[in-house]
Amino acid sequence: MLDIDLIRRNPELVRQALRNRGEEAALEPILELDSQRRLLIHEGDQLRARRNEVSREIGRGGEGKTTLIQEMRKVGERIKALEEAEKALEEQLAALLLTLPNIPRDDVPVGPDSSANVVVRTWGEPRAYDFQPKAHWDLNESLRIIDFQRGAKLSGARFYVLRNAGARLQRSLISWMLDMHTREHGYTEVYTPTLVRREVMQGSGNLPKFADNLYHDQEDDLWLIPTAEVTLTGLHGDELLEPGSLPLNYVAYSPCFRREKAAAGRDTRGIKRVHQFDKVEMYKLVEPEQSDQELERLVSNAEEVLRRLKLAYRVVRLCTGDLGFPSAKSYDLEVWAPGCQEWLEVSSSSNCTDFQARRSNIRFRREARGAPQFVHTLNGSGVALPRLMIALLETYQQADGSVVIPEALRPHMGMEKISPTA
RNA sequence: GGAGGGAUCGCAUAGUGGUCUAGUGCGCCCGCCUGCUAAGCGGGUCGGGGGGUAACCCCCGCAUGGGUUCGAAUCCCAUUCCCUCCGCCA
């Protein structure tokens, strides 16, 4: 949510910022509703002040009570009418404000779409092969650790079953990443619900605009999270954090659910794009001055996962047109998958500034007597599992169809190699 | 799913229609005093919104939403959450 005060004071700045994202925002209706709203508030406040005063007078038993009571009955009716009108305006205003995305940071390259993204660095060399590396779905023909048929039998297209070393690999990666982020990077591990109330989904920015991509239980109006970012945003919702509580650094493992309606027909082979996947998510709540530098740290924490697995990757700075709805600045990590010959997005780290904090009402106080202020929130995958596993399987495949487990993961995995099964 | 109890300022509590402009204690902040600390003394201490150049003024908020009333923390209705017990259950 954008600051209504900013829109009021500097609509041109907001308009241009959103235009850079490819969004033509209609700010006039917002400004119009806002000024109407303030007129109503003003009149209502004055009438309430008068009623309070007169009621006190009546209580003291002054003369002319009956006329005053008559008069106040009228005033009460007017107040009620004003309150109803005010409520309606506020709902309309909120509905409009909730559809505006965040304003990009100044150093975000301006561009229309992913073609204008900038590769800021690459790490590692893609391995050289003396055979033709296979895509993971072909590798899987002999490994048989991903069961697509039975996934579809259970739940339909874009669902899969992991078995044997496949399931074990995923579990090891989760635990290994959580250990790294908690023990070495200073994050606190949390485990959150996977179903959330509507307001929580709205707080992170997924509702109202992206209902299409979410699974929803109608009976209880609960929503399946597409990422733990949702619950980590809501975690401190409606809280006023005491001085000294920031920064807060969280890491959470969770399943993620996405309907992927917009990508129907794309990436249908393998496990690159699925309806349910697991992810380890990092999340920070920080003071506003810290958020830019914290984003760099967050990215580097995510990179560490790939470095230790010795996977070739690149860091991409997203341009204005490619930013996610709540993000002011984002980096993606893309890992090289030699089988499908593709850079796979395994992580996206964003500085959401005060956008989610406003929607979720997360504030802090600098000093004991200080005025409350919105925190800045950041999120970054650390990292998403299916694509990480694609990269691992494809990168470490051998000519005989086996896959060598990278050194760093062996203690957790308890094996050195995944071999084809009969 | 059933029965009962509860939700007031950071914490603890007072408050059962107008003197509540929500009191008191603890905690916290600022002073004073004092070798230091503690104690003591004095003052202050919530959030949101509106108006005003400002000093400041006003409105709203006692879980949430409605209702009754000139006036609601207080009365009525509904909902949510927490606790206890019963039933069911990984």
Side-chain angles (χ1 to χ4, degrees), chain A residues 1-9 30-98 154 191-203 217-224 231 234-246 248 254-255 285 354-375:
Chain A
M1 183 126 68
L2 298 183
D3 186 357
I4 180 72
D5 209 46
L6 175 68
I7 300 175
R8 208 183 279 151
R9 281 195 328 263
I30 291 177
L31 292 168
E32 179 57 30
L33 286 170
D34 176 58
S35 80
Q36 280 179 34
R37 171 179 162 269
R38 284 191 293 168
L39 278 176
L40 292 188
I41 286 174
H42 196 67
E43 188 186 346
D45 278 1
Q46 293 198 319
L47 288 179
R48 274 184 292 268
R50 163 129 178 93
R51 184 178 64 182
N52 288 344
E53 198 180 316
V54 171
S55 291
R56 240 170 285 153
E57 181 59 35
I58 293 169
R60 278 193 290 268
E63 60 259 36
K65 262 171 71 170
T66 33
T67 22
L68 285 176
I69 288 175
Q70 289 298 329
E71 190 195 334
M72 284 309 104
R73 200 170 283 158
K74 289 260 160 45
V75 169
E77 278 162 21
R78 175 68 182 151
I79 288 174
K80 189 179 241 178
L82 284 169
E83 280 171 350
E84 272 162 25
E86 200 183 307
K87 193 173 159 190
L89 277 181
E90 256 155 31
E91 274 165 15
Q92 290 175 52
L93 184 59
L96 290 178
L97 282 174
L98 285 171
L154 290 171
Y191 172 82
T192 68
T194 312
L195 284 165
V196 298
R197 294 183 296 108
R198 174 185 293 270
E199 301 82 80
V200 175
M201 209 50 103
Q202 184 172 287
D217 165 57
Q218 298 226 326
E219 179 114 20
D220 295 314
D221 196 23
L222 287 173
W223 302 70
L224 276 165
T231 42
L235 195 64
H236 289 286
D238 289 321
E239 288 184 28
L240 210 185
L241 303 166
E242 289 307 310
S245 9
L246 299 179
L248 288 166
S254 86
L285 296 98
D354 62 359
F355 186 83
Q356 293 177 323
R358 270 179 206 285
R359 289 179 161 239
S360 302
N361 191 27
I362 312 170
R363 297 168 303 161
F364 77 107
R365 241 195 267 275
R366 263 175 227 283
E367 297 147 4
R369 291 276 162 276
Q373 226 184 313
F374 289 108
V375 304

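Since the structure is predicted, the reported quantities are computational estimates derived from the model, not experimental observations. By convention in this document, chain letters (A, B, ...) are assigned in the order of the sequence lines, proteins followed by strands, and residues within each chain are numbered from 1.
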Rounding to an integer number of angstrom, what distance separates B/C62 and B/A72 when you compare their C1' atoms?
11 Å
Name the closest nucleotide to the A/R51 side chain, picking from B/C70, B/G49, B/G48.
B/C70
B/A72 P sits how many Å from A/I58 CD1, rounded?
12 Å
Residue met sooner reading RNA chain B from 5', once A/R37 and A/E83 are mapped to nucleotides
A/R37
Using Watson-Crick geometry (N1-N3 plus N6-O4 or O6-N4) or G-U wobble (N1-O2, O6-N3), each under 3.5 Å, B/U24 is paired with B/A12
Could you walk me through whether A/R48 and A/E83 pass salt bridge (charged side-chain N to carboxylate O under 4.0 Å, His left out), step by step?
CA-CA 11 Å; A/R48 274 184 292 268; A/E83 280 171 350; 2.8 Å; yes
Using the C1' atom as the reference point in each nucleotide, state the distance between B/G25 and B/U84 in Å, no decimals.
30 Å
Which residues share a salt bridge (Lys or Arg N to Asp or Glu O under 4.0 Å) with A/R51, sequence neighbours left out:
none
CG of A/D3 versus P of B/G48: gap in Å, rounded?
13 Å
How would you list, by chain and number, every residue that makes a salt bridge (Lys or Arg N to Asp or Glu O under 4.0 Å) with A/R73, sequence neighbours excluded?
none
For the pair made of CD in A/Q46 and C1' in B/C60, what is the distance, rounded to whole Å?
15 Å
Does the A/R365 side chain pair with the main chain of A/A371, one donor and one acceptor, at a distance under 3.5 Å?
no
When the P atoms of B/U8 and B/A73 are compared, how many Å lie between them, rounded to an integer?
16 Å
Between B/G49 and A/D45, counting only base atoms on the nucleotide and side-chain atoms on the residue, is there a donor-acceptor pair under 3.5 Å?
yes
Output, in order, the C-alpha distance, side-chain angles, deciding distance and verdict of salt bridge (charged side-chain N to carboxylate O under 4.0 Å, His left out) for A/E90 and A/R37.
CA-CA 7 Å; A/E90 256 155 31; A/R37 171 179 162 269; 2.9 Å; yes
Under a 4.0 Å N-O cut-off, is there an ion pair linking A/D221 with A/R197?
no
Under a 3.5 Å limit for both distances, which nucleotide forms a Watson-Crick or G-U wobble pair with B/A72, could you say?
none
How close do A/F374 and A/F364 get, counting heavy atoms only, and between which atoms?
O-CE2, 3.6 Å
How close or far is atom C1' of B/C58 from atom CZ of A/R56, stated in whole angstroms?
11 Å
Rounded C1' spacing from B/C76 to B/U69 in Å:
12 Å
Mate of B/C81 across any strand shown (Watson-Crick or G-U wobble, both atom pairs under 3.5 Å) is B/G6
Could you tell me how far B/A22 sits from B/G10 if I compare only their P atoms? Round to whole Å.
14 Å
note: A/H42, atom NE2; B/G50, atom P; distance rounded to Å ~ 12 Å
Distance between the P atoms of B/G61 and B/C9, in whole angstroms?
15 Å
If you look at every strand shown and take non-hydrogen atoms under 4.0 Å, does A/R365 touch a base, only sugar-phosphate, or nothing?
sugar-phosphate
Extract from the structure each pairing of a protein N or O with an N or O of nucleotides 61-68 of chain B at less than 3.5 Å, listing the distance.
unit_1	atom_1	unit_2	atom_2	d
B/G66	OP1	A/K87	NZ	3.3

With rounding to whole Å, what would you report as the distance between B/C11 and B/G27 at their C1' atoms?
7 Å
Tell which nucleotide pairs with B/G1, taking only Watson-Crick or G-U wobble pairs whose two distances are both under 3.5 angstrom.
B/C86
Between A/E86 and A/L89, is a side-chain contact (heavy atoms from CB on, under 4.5 Å) present by the stated rule, with each step listed?
CA-CA 5 Å; A/E86 200 183 307; A/L89 277 181; 5.8 Å; no
Nearest nucleotide by nearest heavy atom, which residue falls closer to the 5' end of RNA chain B, A/G76 or A/G44?
A/G44
So A/R363, base contact, sugar-phosphate only, or nothing? Heavy-atom distance under 4.0 Å.
sugar-phosphate
Please report the distance, rounded to the nearest Å, between CE in A/M72 and C1' in B/U69.
14 Å
Nucleotide opposite B/U37 in a Watson-Crick or G-U pair, distances under 3.5 Å
none
What is the distance from CD of A/E43 to P of B/G51, rounded to the nearest Å?
14 Å
